[in-house]
Amino acid sequence: MRIQPIDLDHPGDLIEGLYDAFVTGSADDPGPMLSLPWFSYLVRTGGPGERSEAWVTTEGGKVAGGYALTLPQHDNTHMGWLFPLVVRPERGGGGLGSALFAHALDRMRAHGRTLLLTETPAAGVGIRFATARGMSVALKEARRTLDLRTADWAALERMRPEVAGYHLERWVGPAGPELLPDLSTLMGGMNDAPRDADVEDMNFSVDRLRIREESIPVTGRTCYTVIARRTSDGAPAGYTRILLDAERSDGWGHQADTTVLREHRGHRLGLLLKVDNLLWLREREPHLDRIITWNATSNAHMLAINEAMGFELFDEWSELRLEV
């Protein structure tokens with residue numbers, strides 16, 4: 001068995017082959033499937049402020065399995081993120097997954113990384129594979145969905161709170177350069193979200209967010225964003241975003257980050273932001289069927305907001321860790 005690197009600057013058809021193996025191996029996932037542009041971006045770059053490498057093994061000119069390893073460069077430089085690690089179902093049980101996992105650990109050591117993280121459904125072959133190789137649960141997560149076709153829109157309208165001293169700002173698509181400093185401030189609030197104890201705060205610099213915003217159309221997506229400002233001085237106070245396929249082809253919206261900065265909490269801004277963005281999305285994108293969101297099961301405040309809005313449990317996931 002030869003495990004070969006993908007030249008991420010000139011990947012040929014290997015990323016498409018890895019994507020095909022990923023889609024085939026994810027056939028039991030009832031949620032939305034990553035598009036090829038989004039998958040390719042994650043494999044090639046990991047994300048702003050990160051570097052990735054990807055490895056595959058082929059049989060008969062076809063990718064049989066592979067993995068991508070993302071290595072943060074500006075913070076958490078002790079860490080690596082494994083996504084995906086996939087073996088075609090017809091090749092399962094023959095040791096290929098174990099060989100790929102061992103190879104990924106060797107690459108972690110070669111880079112001097114000591115903490116490997118990944119995620120998988122909380123039940124099924126993925127978590128059995130991971131725990132059998134020494135990984136343990138670092139964080140319990142859940143996906144919840146809101147069916148927009150049956151949502152109680154009148155109740156959602158009534159739920160939208162009046163918040164004195166703040167006003168909302170909206171835009172569609174990537175943020176313009178004039179908004180990046182405020183986004184940098186707001187994204188710092190995401191460092192309060194539940195996480196593994198050995199994961200450091202992320203540095204949401206303006207340059208890092210510029211790269212993130214520029215990546216949105218490249219990955220075949222667009223987004224609806226709402227931020228809250230304190231009216232007296234315009235200070236950014238909170239943020240929420242929903243991502244969707246730019247071609248509007250799959251009927252899914254993806255609730256991304258929502259945060260309210262600590263000094264602005266206690267005014268129901270989180271609820272205001274999420275309800276306002278959802279009502280605006282419905283007005284602009286009436287064809288959408290469902291919104292899906294991820295939360296740590298320990299994030300009681302955000303779970304309460306989501307459940308009040310009508311989100312229902314879809315499935316449960318685990319973030320897994322291994323000290324290398």
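In this text the structure is predicted, and so the values were computed from the model without any measurement.
- When all heavy atoms of Met159 and Leu271 are compared, the pair lying nearest together is O-CD2, 3.7 Å.
- Using bins of under 30°, 30° to 60° and over 60° for the plane-to-plane angle, the ring pair Tyr67/Trp55 lands in the parallel bin.
- Using bins of under 30°, 30° to 60° and over 60° for the plane-to-plane angle, the ring pair Tyr41/Trp38 lands in the parallel bin.
- A donor-acceptor pair under 3.5 Å links the side-chain atoms of Arg265 to the main chain of Val260, judged by distance alone.
- Listed for the Ser40 side chain is no donor-acceptor partner under 3.5 Å among the backbone atoms of Pro37.
- Taking the six-membered ring where the residue is Trp, the centroids of Phe83 and Phe22 are separated by under 6.0 Å.
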task: Evaluate the criterion side chain to side chain contact (heavy atoms under 4.5 Å, CB included) for residue pair Met1 and Leu96; output intermediate values, then yes/no.
output: CA-CA 8 Å; Met1 178 195 308; Leu96 178 54; 3.5 Å; yes
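- In terms of modelled atom types and a separation under 3.5 Å, the side chain of Asp13 and the main chain of Glu16 share no donor-acceptor contact.
- At most 12 non-hydrogen atoms from other residues, nucleotides or ligands lie less than 6.0 angstrom from NE2 of His10.
- Shown here for Leu117 and Val199, the closest heavy-atom pair between the two residues is CD1-CG2, 3.7 Å.
- Without hydrogens or angle criteria, Trp153 side chain to Leu148 main chain gives a donor-acceptor distance under 3.5 Å.
- Leu272 and Leu303 are not part of a single hydrophobic cluster, where members link through side-chain heavy atoms under 4.5 Å apart.
- Hydrophobic clustering keeps Leu281 apart from Tyr239 (ILVMFWY residues linked when any side-chain heavy atoms are closer than 4.5 Å, directly or through intermediates).
- Distance check: Leu42 CG to Ile15 CD1 gives 10.5 Å after rounding to the nearest 0.5 Å.
- The pair Asp29-Arg143 counts as a salt bridge, with a side-chain nitrogen and a carboxylate oxygen less than 4.0 angstrom apart.
- Under the 4.0 Å criterion applied to side-chain N and carboxylate O atoms, Asp250 and Arg290 are not assigned as salt-bridge partners.
- One finds no salt bridge joining Glu214 and Arg208 here, because no Lys/Arg side-chain nitrogen approaches an Asp/Glu carboxylate oxygen to under 4.0 Å.
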task: Determine, step by step, whether Thr145 and Ile291 satisfy the side chain to side chain contact (heavy atoms under 4.5 Å, CB included) criterion, reporting the C-alpha distance in whole Å, the side-chain angles of both residues, the deciding distance to 0.1 Å, and the verdict.
output: CA-CA 5 Å; Thr145 58; Ile291 303 289; over 6 Å; no
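- Counting only distance, with no hydrogens or angles, the side chain of Trp317 and the backbone of Glu319 share no donor-acceptor pair below 3.5 Å.
- Classification of Arg144 and Glu307 as a salt-bridged pair holds, one side-chain N sitting under 4.0 Å from a carboxylate O.
- Atom-to-atom distance recorded for Leu243:CG and Thr219:OG1 is 8.0 Å, nearest 0.5 angstrom.
- Contact between Leu261 and Pro236 at its shortest, heavy atoms only, is CD1-O, 3.5 Å.
- Inspection of the Arg133 and Ser98 side chains reveals an N or O donor paired with an N or O acceptor under 3.5 Å.
- Note: the hydrophobic cluster containing Met302 does not contain Ile292 (ILVMFWY, side chain heavy atoms under 4.5 Å, direct or indirect links).
- Taking CZ of Arg229 as the reference point, atom OH of Tyr166 lies at 13.0 Å (rounded to 0.5 Å).
- No salt bridge links Lys62 with Asp20; every basic N to acidic carboxylate O contact stays at or beyond 4.0 Å.
- What you find for Leu34 and Tyr19 is that their closest heavy atoms are O-OH, 2.6 Å.
- A donor atom on one side chain and an acceptor atom on the other are found under 3.5 Å apart for Ser52 and Thr70.
- Looking at Arg44 and Asp7, no side-chain N of the basic residue comes within less than 4.0 Å of a carboxylate O on the acidic one, giving no salt bridge.
- More than 12 heavy-atom neighbours from other residues, nucleotides or ligands sit within 6.0 angstrom of CD on Glu178.
- By the 6.0 Å contact criterion, CD on Glu323 is open, its count of non-hydrogen atoms from other residues, nucleotides or ligands being 12 or less.
- Judged by distance alone, with hydrogens and angles left aside, the side-chain atoms of Asn191 form no donor-acceptor pair with the main-chain N or O of Asp201 at under 3.5 Å.
- Between the side chains of His111 and Glu53, at least one donor N or O lies within less than 3.5 Å of an accepting N or O.
- Open room surrounds CD on Glu312; 12 or fewer heavy atoms of other groups in view lie less than 6.0 Å from it.
- Minimum heavy-atom separation, Pro194 to Leu139: O-CD2, 3.8 Å.
- Side chain of Asp233 to backbone of Ala235: a donor-acceptor contact under 3.5 angstrom is found.
- For the pair Met187 and Leu209, the tightest heavy-atom approach, listed with the atom from each and the gap, is CG-CD2, 4.1 Å.
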message: The test is side chain to side chain contact (heavy atoms under 4.5 Å, CB included); show your working for Asn306 and Lys274 and say whether it passes.
response: CA-CA 9 Å; Asn306 288 337; Lys274 293 194 72 165; 2.4 Å; yes
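- Judged purely by distance below 3.5 Å, without hydrogens or angles, the side chains of Thr240 and Gln255 pair a donor atom with an acceptor atom.
- Atom OG1 of Thr225 sits about 11.0 Å away from atom CD of Glu169, to the nearest 0.5 Å.
- With values rounded to the nearest 0.5 angstrom, Glu200 atom CD is found 6.5 Å from Thr77 atom OG1.
- Arg221 and Asp245 are not joined by a salt bridge, as no carboxylate oxygen comes within less than 4.0 angstrom of a charged side-chain nitrogen.
- Neither side chain, His78 nor Thr114, offers a donor N or O lying under 3.5 Å from an acceptor on the other.
- Remark: side-chain polar atoms of Arg88 are paired, donor with acceptor, to backbone N or O of Val63 under 3.5 angstrom.
- To the nearest 0.5 angstrom, Ile305 atom CD1 is 8.5 Å from Asn299 atom CG.
- The residues Arg321 and Asp196 are annotated as salt-bridged, a charged nitrogen and a carboxylate oxygen being separated by less than 4.0 angstrom.
- With Glu213 contributing its side chain and Ala175 its backbone, the two residues share a donor-acceptor pair below 3.5 Å.
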message: Quick one, Thr118 with Leu85, criterion side chain to side chain contact (heavy atoms under 4.5 Å, CB included). Give me CA distance, side-chain angles, the key distance, then yes/no.
response: CA-CA 9 Å; Thr118 191; Leu85 189 151; over 6 Å; no
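- In terms of modelled atom types and a separation under 3.5 Å, the side chain of Asp75 and the main chain of Asn203 share a donor-acceptor contact.
- Of the charged side-chain nitrogens involved, none lies within less than 4.0 Å of a carboxylate oxygen, so that Arg241 and Asp257 do not count as a salt-bridged pair.
- For CZ of Arg262, the number of neighbouring non-hydrogen atoms (other residues, nucleotides, ligands) closer than 6.0 Å is 12 at most.
- Of the charged side-chain nitrogens involved, none lies within less than 4.0 Å of a carboxylate oxygen, so that Arg268 and Glu162 do not count as a salt-bridged pair.
- With respect to the salt-bridge test (charged N to carboxylate O, under 4.0 angstrom), the residues Lys140 and Glu316 do not qualify.
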